[in-house]
Amino acid sequence: MIFDFQYLLDFFSANGIIKSIEICTIRHRLLKVIMSKEKMTVARAMVKCLEAEGITKIFGYPGAAICPFYDEIYNSKIQHILVRHEANAGHAASGYARITGKPAVAVATSGPGATNLITAIATAYMDSIPIIFITGQVNSFQIGKDVFQEADITGAAEPFVKHSYLVKDADSVPRIFKEAFYLSQTGRPGPILIDMPFDIQKQEVAFKYPKSVDLRSYKPSTFGNKLQIKRVIEAIKNSKKPLICVGGGAFFSNSQDKLARFSSRCEIPVVSSLMGVSALPHTHPMNFGMLGMHGVRTANIAAKNCDLLILLGARVGDRAAAAIKESEDLKVVHIDIDPAEIGKNIDADVPVVGDLSLILDQILELAPELKHEEWVEKLNSFKIIEQCDYSDDGYVHPKLFINKLNEGLPKNSIIVSDVGQNQIWTAANLHLDGGRFLTTGGMGTMGYSLPCAIGAKSADKKAEVIVICGDGSFQMMFMELATMIQHNIDVKIILMKNNKLGMVRELQTKGYGDRQIAVCLDGSPDFIQLAKAYGISAESINENSQVEGAIKSLIESKKPYVLQVIVDENQRTIIS
Amino acid sequence: MQKNDNNLNRHTISILVENRAGVLARIAGLFARRGYNIDSLAVGVTDDESVSRITIVAQGSGYTLEQIEKQLNKLIDVIKVKTLSSGRLTSRELLLIKVHANAQQRAEIMTIAEIFAAKISDMSTESITLELSANAERLANFEEILRPYGIKEIVRTGTIALEKGPSALKL
Ligand SMILES: Cc1ncc(C[n+]2csc(CCOP(=O)(O)OP(=O)(O)O)c2C)c(N)n1
Ligand SMILES: [Mg+2]
């Protein structure tokens, strides 16, 4: 038999399924081909990519253009959590990613499914959360023809993604997934969008998941420059009133313990941005609370009086920057993974670019034991709290409520606040020892809290996960109660009802002569009945004396629970 | 303490990018949404065909320029960014200009072209089309001198530029 060896070889290599060939000649030639790359559909390969990245849960909402992918999810062990609006798939992925510390996945179909995702993409971008967004797209040969449910989602989302891919050929799929996961979690974390045309999902690909990425244009820094680290140490030694301001960067670099050691060793008080709340345990003697327009008094006094400000993974948004004194003799050390944030909102005397955790190692190697007794004592003296009026008036005082919640919370609780007055009351008064405080500090997206909590609870089934939201934000997300029930995700909800878009009402009161417009929430449903319609136990309180008992019932409930807290509509955010 | 813009200057920024679909849109989009004005833009492939070089001339303060560079560097497709030092660069634009030229004027215009070392790329009974590659000032000057004859049509490319001396912007 004449064997056209070359022909076979060409055939196999063209199809990409050849790993090695052994030829043994005994009497006839024998050909042994070792297959290494399996042939499969792209849809299947997508699922394989997710599995290779260790993904066990995804959040999404299907539609025609993403059906091939969903059909493969059917065959896999990956659990799909069906949300009730695509944006909430993204927010749930955000909560999941923030708790696992790894990229999470949100999926939607083409056109309206994809555009519904945009708010979540933008929120993840502003809050620096690693999420892989996967959207279905119309057939690749129909792109640009305005066919049914076509939307240029990579174009529309461009301002809010770290990077995006419109997949054009099947072979690139494994590489694109590998890159997407790598990009989203290295450097400054952020959302990556993969837009996947329908026809390509059904094409065949020789699947092999790459072991590494090859991106010549992307080399995020890791260690800090040694010289700069020395300058940081010098600056600390020369300072009498140093202050650390920690941001959300502490969590993704997993630097909470190192931060605690650093601040203790050098006796440096710590304040946080909204995204940095809970980076240091409340009981840590160097914790002085949240900075900023809505922060606590001591933190703002510290920021106005320090002579050295060390920014750790805090981008210093405009709101936090306003709290920092403008002066010649203030030195600023800015440590961040994103060089573009350094010097953007605030001048830095000592910029250090790199991974916060590694840089803190470098600092801890050189930092001496220091004392700043006078400075710390002075700040402590401001901590003495003015008593506020907790008289019974038919309302629950939000500060009292959060204080009581602090006492009742189990260790390692995850508190997710929404946006508005409820967020400020929570962030400024919450005391966590262990556990996490989650909120959207960068984007401030109403309706974030419940889906985020669903994601957080999916990531940590053992933790107590509690949402604190307003009556406005609740009505932007209560469809997700069904998601909780359907998937047995036991999140508890504290709904602060003031019958107002309270935060905006407060702006109108202060800045517009109390001309209140479009802030009254008359017409809202009876939230207790609503919860019950979903089969969720609920209770309402309107007296301070009821708070302790209500919190006890909430915590002790083994199932989802809604606690409605009636708050005075005229309550302010700044309450000492 | 907080950042403000002042002292506007013109900067020539060279960007090496992956030669892929959509890259130009990303860069143009970044300039638009961050409020950086582009005076001129030119794109072309380099000796390595996987890499394109974009030259952008933009105005802004030192702070804006620093932000432009940093934000460009964040784009995954951007391989390298460099602002060319203004004193030490060779910059060129290409101009095609079609002017009115009857038989009497033709010789005069051809003399001007010769002085500027412009090429004659087309001619008709009532027009002449000239081609000149030079820096922006020289082109402006050329245009001014031709204006009295009546400009029928004008088209120019964006600026391309290289730094003088042996140093090079490479991967
Ligand atoms: C999606 C979205 N729309 C509008 C806003 C503007 N906004 C910020 S706070 C707020 C009021 C929130 O009301 P509610 O949820 O009842 O909370 P409260 O302030 O009353 O505690 C609004 C409308 C926003 N942040 N997000
Ligand atoms: Mg409200």
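Numbers restart at 1 for each chain; the letters A, B, ... are given by sequence-line order, proteins then strands. Quick caveat: nothing in here was measured; it's all calculated off a predicted structure.
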Donor-acceptor side-chain pairing of A:S164 and B:R26 below 3.5 angstrom |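 B:R26 and A:S164 do have a side-chain donor-acceptor pair below 3.5 Å.
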
Is the number of heavy atoms from other residues, nucleotides or ligands within 6.0 Å of NZ (A:K304) greater than 12?
->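 Enclosed.
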
Is the NZ atom of A:K240 crowded by more than 12 outside heavy atoms at less than 6.0 Å?
->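 Check fails, neighbour count at 12 or below.
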
Name the region of A:K168, side chain, backbone, both or neither, that has any atom closer than 4.5 Å to a heavy atom of chain B.
->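 Just its side chain gets close to chain B.
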
What part of A:L183 gets closer than 4.5 Å to chain B, counting heavy atoms only: side chain, backbone, both or neither?
->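 Answer is side chain: those atoms of A:L183 sit under 4.5 Å from chain B.
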
Measuring from [X]:[atom1] to [Y]:[atom2], what's the distance to the nearest 0.5 Å?
| X | Y | atom1 | atom2 | value |
| --- | --- | --- | --- | --- |
| B:Q71 | A:D338 | CD | CG | 7.0 Å |
| B:N73 | A:K219 | CG | NZ | 13.0 Å |
| B:I76 | A:Y182 | CD1 | OH | 9.5 Å |
| B:R20 | A:Y165 | CZ | OH | 7.5 Å |
| B:L16 | A:S217 | CG | OG | 11.0 Å |

Is the shortest side-chain heavy-atom distance between [X] and [Y] below 4.5 Å?
| X | Y | result |
| --- | --- | --- |
| A:K162 | B:K74 | no |
| B:K70 | A:K344 | no |
| B:S50 | A:R216 | yes |

Audit row: A:H163, B:D77, side chain to side chain contact (heavy atoms under 4.5 Å, CB included) steps and yes/no | CA-CA 9 Å; A:H163 196 53; B:D77 291 325; 3.7 Å; yes

Atom group of B:L171 that falls short of 4.5 Å from chain A, counting heavy atoms |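 Just the side chain, heavy atoms under 4.5 Å.
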
